[in-house]
Number of protein chains: 2
Amino acid sequence: MTKKNSSTDILIVEDEAPIARLMEIHLQRAGFSTKTCSNGRKACTLLEENHYQLMLLDRMIPGLRGLDLLRWLRKQETLKILPVIMVTALAQTEERIRGLNEGADDYLPKPFEPDELVARVQALLRRSSHQVIQQQKSTIDVNKDAMEARVNGDRLDLRPLEFKLLRRLMKKPGKVRSRQYLLDHVWGINAFVEERTVDVTIKRLRKTLEKYGLGECIVTVRGSGYRFDEKPHT
Amino acid sequence: MTKKNSSTDILIVEDEAPIARLMEIHLQRAGFSTKTCSNGRKACTLLEENHYQLMLLDRMIPGLRGLDLLRWLRKQETLKILPVIMVTALAQTEERIRGLNEGADDYLPKPFEPDELVARVQALLRRSSHQVIQQQKSTIDVNKDAMEARVNGDRLDLRPLEFKLLRRLMKKPGKVRSRQYLLDHVWGINAFVEERTVDVTIKRLRKTLEKYGLGECIVTVRGSGYRFDEKPHT
DNA sequence: AAAAACTTGTCACATAGTTGTCATATTGGC
DNA sequence: GCCAATATGACAACTATGTGACAAGTTTTT
């Protein structure tokens with residue numbers, strides 16, 4: 001599978017190389033691009049030098065303890081909103097609470113299931129301005145900040161309206177949205193537009209998604225509307 | 001790669017010539033201009049007579065101990081804000097803390113990776129009134145104090161408005177900024193200016209950036225605004 | 001103080017991209 | 001096979017952005 005210019009960059013701060021590698025493999029397979037780093041000091045530098053979308057932070061790293069790094073991070077004007085997942089073997093509730101208090105956004109106990117890793121990353125991204133969905137073997141990532149959607153890191157060339165429509169449908173995968181609902185929420189409550197127009201826009205959106213084998217993500221529900229399917233039937 | 005009139009001058013205070021040379025090479029390659037000096041007293045003179053953007057200070061230098069120089073520096077009215085990176089082989093936490101207490105802004109353990117050196121310098125500059133971004137193979141350095149922007153040390157001839165616009169966009173690379181946002185933050189909240197004026201200013205800014213192969217850093221997001229892209233676009 | 005040089009806002013036109021509608025084809029349920 | 005719902009291609013209107021020119025205002029030079 002080809003990987004390229006993903007904009008969804010994840011920084012992995014983890015000193016145990018095999019674990020770091022494992023994380024990388026699974027995240028990359030899910031369409032993210034990653035950077036690993038094995039000590040706290042270097043992590044600071046990387047964070048200041050680059051822009052990441054999310055950080056996976058091991059609690060036990062040399063150079064600076066994970067919590068110290070986190071505390072430092074939350075004081076930096078430009079970094080404090082970075083979503084952070086703490087990774088640690090210390091699964092005790094107390095430790096966990098301490099991490100969350102310091103500003104971790106989520107928590108991944110070691111050892112972890114690869115799927116859980118990916119799921120938590122996706123979930124956290126979704127809470128920031130991203131919407132991330134696992135679709136068969138592809139990851140769809142809609143980033144509202146950058147106003148762009150990516151499939152496995154490849155940028156989708158969507159028009160503004162299609163982008164909004166996709167976002168709206170992805171907001172609640174599996175739920176059917178009527179044409180009227182979509183008109184109200186995508187076009188705007190006061191838009192003076194035919195209901196059939198929705199069909200055409202759906203068509204246009206599907207056309208772009210098809211290029212990535214995702215043409216069937218958007219399902220027509222006869223008599224009701226459209227639905228974004230998270231796990232399309234075969 | 002050609003190097004010229006960088007004003008991002010770095011003073012290297014280091015008595016071991018090979019190390020000093022190594023620092024010089026890597027910093028110059030990254031677009032900075034450097035001056036080296038092998039003892040503390042001479043450093044004082046240089047600091048008083050010239051204007052540097054940053055100092056790399058070895059802890060063990062003849063003539064005056066690194067910490068003494070630093071202490072002296074912080075007492076000088078005109079010099080006390082100079083960003084300083086302490087360089088030393090003493091990696092113990094205690095030593096490190098002492099250095100930071102005396103007013104070092106960052107700390108570089110010896111031996112160091114050339115990349116780490118450059119990254120720390122860039123990061124520290126960014127924390128002072130600089131914004132430094134690595135763009136493909138170029139380093140863009142926007143210095144608010146001096147009101148000037150440089151690409152690999154070459155000065156960009158930007159008009160005041162273009163400068164502010166670039167700074168604002170670089171503040172959060174990857175985020176789309178609407179024309180209204182830019183008007184509010186670059187022109188000022190009460191400016192009585194057409195939205196289309198933003199387009200023209202973007203055009204002028206792009207024209208200058210183009211000379212350095214960075215014309216595509218600023219991406220138009222149809223229907224939304226403009227975005228500074230950190231990475232090579234798709 | 002006048003002249004020259006520079007900055008910036010606006011306009012007008014060119015270009016390119018987006019979207020709504022319609023006409024027609026296709027599909028699904030009965 | 002029939003009807004209604006949906007898909008699809010084409011087109012025209014519309015909208016957003018790029019771009020060069022110009023003028024008014026500022027700053028710098030002479």
Side-chain angles (χ1 to χ4, degrees), chain A residues 147-149 155-169 176-188 190-211 215-229 233, chain B residues 147-149 155-169 176-211 215-229 233-234:
Chain A
M147 285 286 284
E148 64 175 26
R155 186 173 173 174
L156 294 187
D157 191 21
L158 294 179
R159 289 170 264 264
L161 199 64
E162 291 158 30
F163 183 84
K164 284 208 275 182
L165 180 57
L166 176 61
R167 250 181 78 77
R168 176 58 59 174
L169 288 171
V176 179
R177 302 300 190 178
S178 69
R179 290 181 176 67
Q180 192 54 55
Y181 173 92
L182 293 171
L183 281 181
D184 289 349
H185 290 82
V186 175
W187 277 256
N190 43 13
F192 155 60
V193 173
E194 300 277 323
E195 276 205 353
R196 307 263 92 240
T197 301
V198 176
D199 300 31
V200 180
T201 308
I202 288 278
K203 161 72 166 69
R204 287 167 179 158
L205 179 52
R206 274 175 177 159
K207 192 175 170 190
T208 303
L209 290 174
E210 244 156 39
K211 293 178 196 157
E216 328 215 337
C217 284
I218 297 174
V219 178
T220 304
V221 181
R222 216 181 158 76
S224 302
Y226 299 92
R227 183 184 65 186
F228 187 95
D229 248 16
H233 50 290
Chain B
M147 282 284 282
E148 64 174 26
R155 183 175 176 161
L156 293 187
D157 192 20
L158 294 180
R159 289 166 266 255
L161 199 63
E162 290 158 31
F163 180 83
K164 283 211 277 181
L165 180 57
L166 177 60
R167 247 181 79 75
R168 177 58 59 173
L169 288 171
V176 178
R177 302 300 190 179
S178 70
R179 291 180 175 69
Q180 191 54 57
Y181 174 93
L182 293 171
L183 281 181
D184 289 350
H185 290 81
V186 175
W187 277 257
I189 202 85
N190 43 12
F192 161 58
V193 173
E194 300 278 323
E195 277 205 353
R196 297 294 269 91
T197 301
V198 176
D199 300 30
V200 180
T201 309
I202 287 278
K203 161 75 164 66
R204 288 168 178 158
L205 178 52
R206 273 176 178 158
K207 194 175 169 189
T208 304
L209 290 174
E210 243 156 40
K211 293 178 196 157
E216 330 217 334
C217 284
I218 298 175
V219 178
T220 303
V221 181
R222 199 157 235 277
S224 300
Y226 298 92
R227 185 181 67 187
F228 186 94
D229 252 13
H233 43 288
T234 316

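Numbered from 1 within each chain, the chains take letters A, B, ... in sequence-line order. Computation of the quantities below employed the complete heavy-atom set of this structure, encompassing side-chain atoms and omitting hydrogens, waters and symmetry-equivalent molecules.
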Subject >> Boundaries of the chain A footprint along DNA chain C (any atom under 4.0 Å from a heavy atom) >> reply: dT18(C) to dG28(C)

**OP:** Using heavy atoms to find the nearest nucleotide of DNA chain C for Val193(B) and Asp157(B) separately, return the residue whose nucleotide is more 5′.
**Re:** Asp157(B)

**OP:** Please determine if a side-chain N or O atom of Tyr226(A) lies less than 4.0 Å away from the OP1 or OP2 oxygen of dA7(D).
**Re:** yes

**OP:** In whole angstrom, give the distance that lies between atom CD of Gln180(A) and atom C1' of dA5(D).
**Re:** 17 Å

**OP:** Measure the distance from CD on Glu194(B) to P on dA16(D) and round it to the nearest whole Å.
**Re:** 14 Å

Subject >> Atom pair CD1 (Ile202(A)) and CG (Leu166(A)), whose distance is rounded to the nearest 0.5 Å >> reply: 9.5 Å

Subject >> Side chain Arg196(B) and base dG18(D) donor-acceptor under 3.5 Å >> reply: yes

Original post:
For Asp184(A), does the CG atom sit with more than 12 other heavy atoms under 6.0 Å from it, leaving out its own atoms?
Top reply: yes

**OP:** Nearest 0.5 Å please: distance from the CZ atom of Arg167(A) over to the CG atom of Leu158(A).
**Re:** 12.5 Å

Original post:
What is the distance, rounded to the nearest whole Å, between atom CE of Met147(A) and atom P of dT17(D)?
Top reply: 11 Å

Original post:
Between dT6(D) and Arg179(A), is there an OP1 or OP2 to side-chain N/O distance shorter than 4.0 Å?
Top reply: yes

Original post:
To the nearest angstrom, how far is Arg206(A) atom CZ from dT8(D) atom P?
Top reply: 7 Å

**OP:** With axes from five pairs an end, tell me the bend angle of the helix from dA1(C)-dT30(D) to dC30(C)-dG1(D), nearest 10°.
**Re:** 30°

Original post:
To the nearest angstrom, how far is Phe192(A) atom CZ from dA13(D) atom C1'?
Top reply: 14 Å

Original post:
So how far is it from Lys164(A) NZ to Arg159(A) CZ, rounded to the nearest 0.5 Å?
Top reply: 15.0 Å

Original post:
Hey, does the side chain of Arg155(A) reach the backbone of Glu148(A) with a donor-acceptor pair shorter than 3.5 angstrom?
Top reply: no

**OP:** Answer with base, sugar-phosphate or nothing: what part of the nucleic acid does Val198(B) contact at a heavy-atom distance below 4.0 Å?
**Re:** nothing

Original post:
Atom CG in Leu183(A), atom CG in Leu165(A): separation rounded to 0.5 Å?
Top reply: 10.0 Å

**OP:** Answer with base, sugar-phosphate or nothing: what part of the nucleic acid does Arg222(A) contact at a heavy-atom distance below 4.0 Å?
**Re:** base

Subject >> Atom-to-atom span, CZ of Arg204(A) to P of dA10(D) - whole angstrom >> reply: 12 Å

**OP:** Enter the distance from Phe228(B):CZ to Leu169(B):CG here, rounded to the nearest 0.5 Å.
**Re:** 8.0 Å

Original post:
Which residue, Ile202(A) or Gly225(B), contacts DNA chain D at a nucleotide closer to its 5' end, judged by nearest heavy atom?
Top reply: Ile202(A)

**OP:** Check the distance between dT19(D)'s C1' and Lys207(B)'s NZ and give it to me in whole angstrom.
**Re:** 10 Å

Original post:
To the nearest Å, how far apart are Lys203(B) NZ and dA21(D) C1'?
Top reply: 12 Å

**OP:** Please assess Val193(A) against Val198(A) for the test side-chain contact (heavy atoms from CB on, under 4.5 Å), listing each intermediate value before the final yes or no.
**Re:** CA-CA 9 Å; Val193(A) 173; Val198(A) 176; over 6 Å; no

**OP:** To the nearest 0.5 Å, tell me how far Asp199(A) CG sits from Arg204(A) CZ.
**Re:** 11.0 Å

**OP:** Mark yes or no for whether Arg206(B), through its side chain, and Ile218(B), through its backbone, hold a donor-acceptor pair below 3.5 Å.
**Re:** yes

